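All heavy atoms count here, side chains included; hydrogens, waters and symmetry mates do not. Residue numbers count from 1 along this sequence. First listed ligand is number 1; within each ligand, the first listed atom is number 1. Since this is a predicted model, take the numbers as computed values, not measurements.
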Amino acid sequence: MNRYLFVLWLCFSVIACQKPSVAPPEPELPIPAERQLAWQEMEFYAFAHFNMNTFTNMEWGMGDEDPVLFNPTQFDANQWAKVCKEAGMKGIIITAKHHDGFCLWPTATTEHSIKSSPWKEGKGDIIKEISEACAAHGLKFGVYLSPWDRNHPDYGKPEYIDVFREQLRELLTGYGDVFEVWFDGANGGTGYYGGANEERRVDKKSYYDWENTYAIIRELQPDAVIFGDAGPDVRWVGNEHGFAYETTWSNLMRDSIYAGMPEYSEKYAAGQENGTHWVPAEADVSIRPGWYYHEYEDHKVKSLPDLLDIYYNSIGRNSSLLLNFPVDKRGLIHENDIAQLQKLTEKIKEDFAENLVGMNTAVASDDDRGRGFGPENAIDGNMETYWASPEGKVTGEITLQFPSPITFNRLLVQEYIPLGQRVKAFKVEVQTEKGWETVEKGTTIGHKRILRLQDTTADKVRFTIVDAKAAPTLHNLALYFAPKLVLSPEVRRDKEGRVSLNLPEEGLEIYYTLNGKDPDKQSHRYHQPFELLEPAELKTVSIDPLSGKVSEVKSVKLGVAKKKWSLINGADNPQHLFDGNEKTNYLSKNNEVTIDFGENLDLIGFVYLPIQNRYMSGVISHFELYASTDGAQWQKISAGEFGNIANSPIEQTVHFQPVTGRYLRIKATKTLDDRPASFAQIDVLTQ
Ligand code: FUL
């Protein structure tokens, strides 16, 4: 063979070896469009609710707000972008206009915008600064534009649709690439509407003529995905707590749905196996109870266990995660929110630090399509290659064999979605002395499915697709060992004086002391709730027996138990006052609560935990306290105001001169909203 022919032969052989020698699976419709595939890769990105509501302490503004109110003191788009980038988020979607109609850019369509605000003397442009900061930090940029506009005089009339479309054009032409356009399903109702102050309902199905609005987006930003209840590209997950479903299809019966339809969440949000269009789910959730900033929620930023649940129940269930920051009045992401976000990011990094399926793992399948579609493609780290069952076969197995036993508690699996979502049922098994044992069963996979499993040790793991719509494909199968989340236990004491210590994760040991010393492995080991009637300082710690990692010590000062306490002349549900559960509330009848301790106590203080609900009612701002030994003669022991309780509804403690009393009366002389006084919990301090 001459040299030229040899080189040609070599090239052919190399290509022939690499290229699959059998046909790839036929696409199983529906399949994602290019723009959707690019979006699927993003997985985790930020929502920023920052607009007029930030300055009026509202969630839904009425539309009559004075633009003069919009005036952030330290707005810094780079701070937002830096925080998001460092957390591994891939983009930011900003509320360019919320329901109140105030526009964050100098639009030509209305005077109700940043132009009329004092910020930068009306010459500023928040959208410009955010889009530029995103570009500078390598983040994608998206816009939320509320279809409902409670300010515009023409809302509800055909003329408004032109205004809305013009606003969209401005946003899609003036600020570079847009990755997602977000349309809210909340539409129509009361509003100011240019001074009309009336209710305007619209026909959600026809008023917006969505098809022609979408056409503008396709023309100006062909790569942008459009979000709405019904897509067309990305759909709402159907709740605002950030959870997708055990069974989550990206396929949707799109033509049966319109934005804001009442039965959407129940009937459509999980997608449908036989859905006609590819419209994957996006889980939107705020890091605080509200979407907008309220100082009174500074202590309510979601905990790490809550954020982890959101992560695993969204990204781990075939959905993306759109995590909202209620940007504060300064124009910054609040430090409490950043702290929690960082904890989440670090924990996720830790959980997925090392894929245990590696170079030394032997992989086999019961059957595959042939050369180019073998099981090695599911573990090669290459997202373009995949394992596939033969055409017509709707099951399949991949077995992983490790040189020595591994311990894992996370399984991550991905279908090759460019060919459609196929898997309907799967199971995970490990080989034990007794044979194959099932560790977990599941339904859908889609773009990504992550299972949180018990710690499992084995050297052979089998992943079986039990049923699928068509020959299954997998392009990634990985196992991880996530270290335990070693947090100090939550302490609760109920009315009977039973103390329980709770952790979000199983498998940790809990130790405690009652003598003021820091607990360690020599201290009391907690197994079940125990009775503690006397006042004590309870210190607790949790320890991971595997890694030896120890949590911070938590110290709680417990007063006298409430076993003998009773309420005199109370309203319904008196137990809610003393049950140690901050999620239940007691609503007083007459702004007064009188407690009988069942014995004389040497009182030195009173503790009030106001209602912790998202929407508060009856929060006490002014109070008087009275004590009595016989329930007849009353002595006033304290009176005052809970100064900042509107902004910071945390536990309030009142200290007073020592007094002996069997009875205590709390009189609410004023509540914030003049509704009957409410209580999440009350307690007393004794000598
Ligand atoms: C909802 C809106 O009404 C909320 O105010 C918030 O913007 C949330 C993301 O969507 O439908």
Query raised in the report: Roughly how far, to the nearest 0.5 Å, is CZ of Arg330 from OG1 of Thr54?
Result: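 Rounded to the nearest 0.5 Å, the OG1-CZ separation comes to 12.5 Å.
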Requested in this report: Rounded to the nearest 0.5 Å, what's the gap from CZ on Arg165 to CD1 on Ile217? Could you check?
Outcome: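 Spacing of CZ (Arg165) from CD1 (Ile217) equals 10.0 Å.
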Requested in this report: For ligand 1, list the protein residues that place a heavy atom within a distance below 4.0 Å of one of its atoms, sorted by chain and number.
Outcome: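 Contacting ligand 1 under 4.0 Å are Phe47, His49, Trp60, His98, His99, Tyr144, Trp182, Asp184, Ala186, Glu240, Asp284, Trp291.
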Query raised in the report: Is it true that Arg288 and Asp298 make a salt bridge, defined as a side-chain N closer than 4.0 Å to a carboxylate O?
Result: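 Salt bridge: yes.
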**Report entry** Whether Phe47 and His49 hold their rings parallel, tilted or perpendicular, with breakpoints at 30° and 60°
**Finding:**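 Phe47 vs His49 ring planes: perpendicular.
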Query raised in the report: Do the side chain of Glu170 and the main chain of Ala108 share a donor and acceptor less than 3.5 angstrom apart?
Result: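 Yes: the side chain of Glu170 pairs with the backbone of Ala108.
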Anything under 3.5 Å between a donor and an acceptor, one on a side chain of residues 240-247, the other on a protein residue two or more places apart or in another chain? List them.
unit_1, atom_1, unit_2, atom_2, d
Glu240, OE1, Trp291, NE1, 2.9
Tyr245, OH, Val237, O, 2.5
Glu246, OE1, Arg449, NH2, 3.0
Glu246, OE2, Arg317, NH2, 3.3
Thr247, OG1, Thr443, OG1, 2.7

